[in-house]
2 protein chains.
Amino acid sequence: MFLSIHPQSSQPLYEQLAGSVRAGILDGSISDGERLPSARDLAGSLDLNVHTVLRAYGMLREEGLLDLRRGRGAVITAPARDLDAVTAALDTLLDAAERAQLSPETLLSLVRSRLNPVPTRLDPEGPR
Amino acid sequence: MFLSIHPQSSQPLYEQLAGSVRAGILDGSISDGERLPSARDLAGSLDLNVHTVLRAYGMLREEGLLDLRRGRGAVITAPARDLDAVTAALDTLLDAAERAQLSPETLLSLVRSRLNPVPTRLDPEGPR
DNA sequence: CCACTTGTTCTACTTCAACTAGAACAATAC
DNA sequence: GTATTGTTCTAGTTGAAGTAGAACAAGTGG
């Protein structure tokens with residue numbers, strides 16, 4: 001199981017860690033029912049703080065990917081998914097984006113705007 | 001021209017602004033050669049600081065989307081792009097992701113990892 | 001030439017998320 | 001019971017984001 005962290009990245013550590021677990025689930029290197037290291041252990045081996053690891057674990061639980069219980073630890077609860085269509089579509093998208101000479105930032109903006117049309121946080125006044 | 005900003009969003013204001021301009025270029029509401037408001041004007045109408053707007057403008061310039069010159073302002077330098085293939089591929093991807101029951105976070109992680117395999121900032125030690 | 005506009009480049013300050021640190025506590029495993 | 005492990009606090013540091021003001025340089029337009 002490869003959980004890699006880049007301390008110099010602009011992405012928050014807990015995001016990186018959660019993303020790493022998600023990627024592991026998708027590519028099959030982490031399978032359903034598998035037990036992740038305890039937060040304290042993982043924090044030790046990745047040289048992170050326990051709270052940072054627990055924050056990532058908490059995110060994954062909210063996404064339904066992880067089951068957390070005291071004394072036992074973190075267990076993957078990811079249903080089997082068929083990703084062939086997703087990876088194929090992603091390949092097509094990246095190819096099309098390259099042909100259109102879209103920068104990575106632009107493509108990410110595009111994807112983000114489709115995934116999250118409006119900010120979810122409380123926004124009493126709305127857009128200006 | 002719609003440049004909308006959500007002050008409550010988790011995304012930085014300058015990122016939102018840059019993303020809004022990118023989106024405007026893509027959907028045709030901002031066209032090549034068009035002049036954006038001066039940083040001071042835009043900051044006034046969006047209720048932002050001048051530096052925040054200039055930071056967004058600077059990002060867009062680095063991406064080759066904007067030409068900045070003193071006294072004249074900000075002019076779009078976006079080449080015409082054919083986005084039909086991109087939007088079609090994006091539709092397919094979102095559909096496939098929904099079928100596979102991937103959360104938005106997971107899908108974004110997936111796209112990000114394909115766009116940016118390794119963090120670009122200086123990272124003397126590499127992953128741990 | 002001259003006044004004005006506008007980006008460029010500084011310094012300085014505030015705010016807040018991210019991260020670290022330590023501790024006490026509660027549920028679970030063995 | 002004992003050890004493990006997540007849960008929940010408080011508290012502190014760090015750095016990016018954002019604001020604020022000013023001086024400056026290169027254009028625009030009269």
Side-chain angles (χ1 to χ4, degrees), chain A residues 3 5-21 33-77 119-123 125 128, chain B residues 3 5-21 33-77 105 119-123 128:
Chain A
L3 297 179
I5 295 296
H6 301 265
Q8 306 300 332
S9 166
S10 59
Q11 255 198 321
L13 299 174
Y14 66 91
E15 286 263 18
Q16 290 181 54
L17 182 53
S20 187
V21 174
E34 187 169 338
R35 187 176 172 281
L36 293 186
S38 79
R40 286 176 176 82
D41 285 354
L42 189 55
S45 56
L46 291 181
D47 198 24
L48 300 178
N49 191 277
V50 189
H51 299 89
T52 303
V53 176
L54 283 170
R55 184 163 180 182
Y57 279 8
M59 288 181 61
L60 294 169
R61 175 174 55 184
E62 289 180 7
E63 296 170 30
L65 298 178
L66 205 56
D67 187 37
L68 295 177
R69 265 186 241 167
R70 318 183 205 198
R72 195 197 47 180
V75 176
I76 298 291
T77 60
T120 51
R121 299 192 180 183
L122 76 163
D123 189 1
E125 300 182 15
R128 302 187 185 177
Chain B
L3 296 179
I5 295 298
H6 301 264
Q8 307 300 332
S9 167
S10 58
Q11 254 198 321
L13 299 175
Y14 67 90
E15 286 263 18
Q16 291 181 53
L17 183 53
S20 188
V21 174
E34 187 170 339
R35 189 176 171 278
L36 293 186
S38 79
R40 286 176 175 85
D41 285 352
L42 190 53
S45 57
L46 291 180
D47 199 22
L48 300 178
N49 191 278
V50 189
H51 299 90
T52 304
V53 175
L54 282 170
R55 184 162 180 182
Y57 279 8
M59 287 182 61
L60 294 169
R61 176 175 55 185
E62 288 181 7
E63 296 169 30
L65 298 178
L66 204 56
D67 187 36
L68 293 178
R69 265 186 241 165
R70 319 185 203 195
R72 195 197 48 182
V75 176
I76 298 292
T77 60
E105 291 82 4
T120 51
R121 300 190 180 184
L122 74 164
D123 189 2
R128 302 184 184 179

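This is a predicted model, so every value here is computed, not measured. In what follows, chains are A, B, ... by sequence order, proteins preceding strands, each numbered from 1.
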For this session: Side chain of A/S38 only, please: which of D/dT5, C/dC19, D/dT19 is the nearest?
Result: D/dT5
Exercise. Does the side chain of A/S10 get closer than 4.0 angstrom to OP1 or OP2 of D/dA16 through an N or O atom?
Worked result: no
For this session: Give a yes/no answer on whether the side chain of A/R35 brings an N or O atom under 4.0 Å of OP1 or OP2 in D/dG6.
Result: no
For this session: Measure from CG on A/L66 to C1' on D/dG6 and round the result to the nearest Å.
Result: 11 Å
Problem set entry | Nearest-nucleotide 5' precedence on DNA chain D, B/R55 against B/R40 | B/R55
Problem set entry | Whole angstrom value for the distance that separates P of D/dT5 from CZ of A/R72 | 12 Å
Problem set entry | Separation of atom CD in B/Q8 from atom C1' in D/dA17, rounded to whole Å | 14 Å
For this session: Could you tell me which non-hydrogen atom of A/A56 sits nearest to which non-hydrogen atom of A/Y14, and how far apart they are?
Result: CB-O, 3.4 Å
Exercise. Whole-Å distance between D/dT28 P and B/R69 CZ?
Worked result: 7 Å
For this session: Quick one: closest heavy-atom pair of A/P7 and A/L13, and the distance?
Result: CA-CD2, 4.0 Å
Exercise. Counting only N and O atoms by type, is there a donor-acceptor contact under 3.5 Å from the side chain of A/T77 to the main-chain atoms of A/G64?
Worked result: yes
Problem set entry | Spacing of A/R70 atom CZ relative to D/dT8 atom C1', expressed in whole Å | 9 Å
Problem set entry | Short side-chain N/O contact to C/dT20 OP1/OP2 from A/T52, under 4.0 Å | yes
Exercise. A/L42 and A/L36: side-chain contact (heavy atoms from CB on, under 4.5 Å), yes or no, with the steps?
Worked result: CA-CA 8 Å; A/L42 189 55; A/L36 293 186; 6.0 Å; no
Exercise. In whole angstrom, what separates A/D41's CG from D/dT5's C1'?
Worked result: 10 Å
For this session: State, to 0.1 Å, how close A/E15 and A/M59 come at their nearest heavy-atom pair, and which atoms those are.
Result: OE1-CE, 4.1 Å
Exercise. How many Å lie between CG on A/L54 and P on D/dG6, as a whole number?
Worked result: 6 Å
Exercise. Under 4.0 Å between a side-chain N/O of B/Y14 and OP1 or OP2 of D/dA17, yes or no?
Worked result: yes
Seminar exercise, completed: note: A/E15, atom CD; C/dA18, atom P; distance rounded to Å ~ 8 Å
Problem set entry | Donor-acceptor pair present, B/H51 side chain and C/dG7 base, under 3.5 Å | no
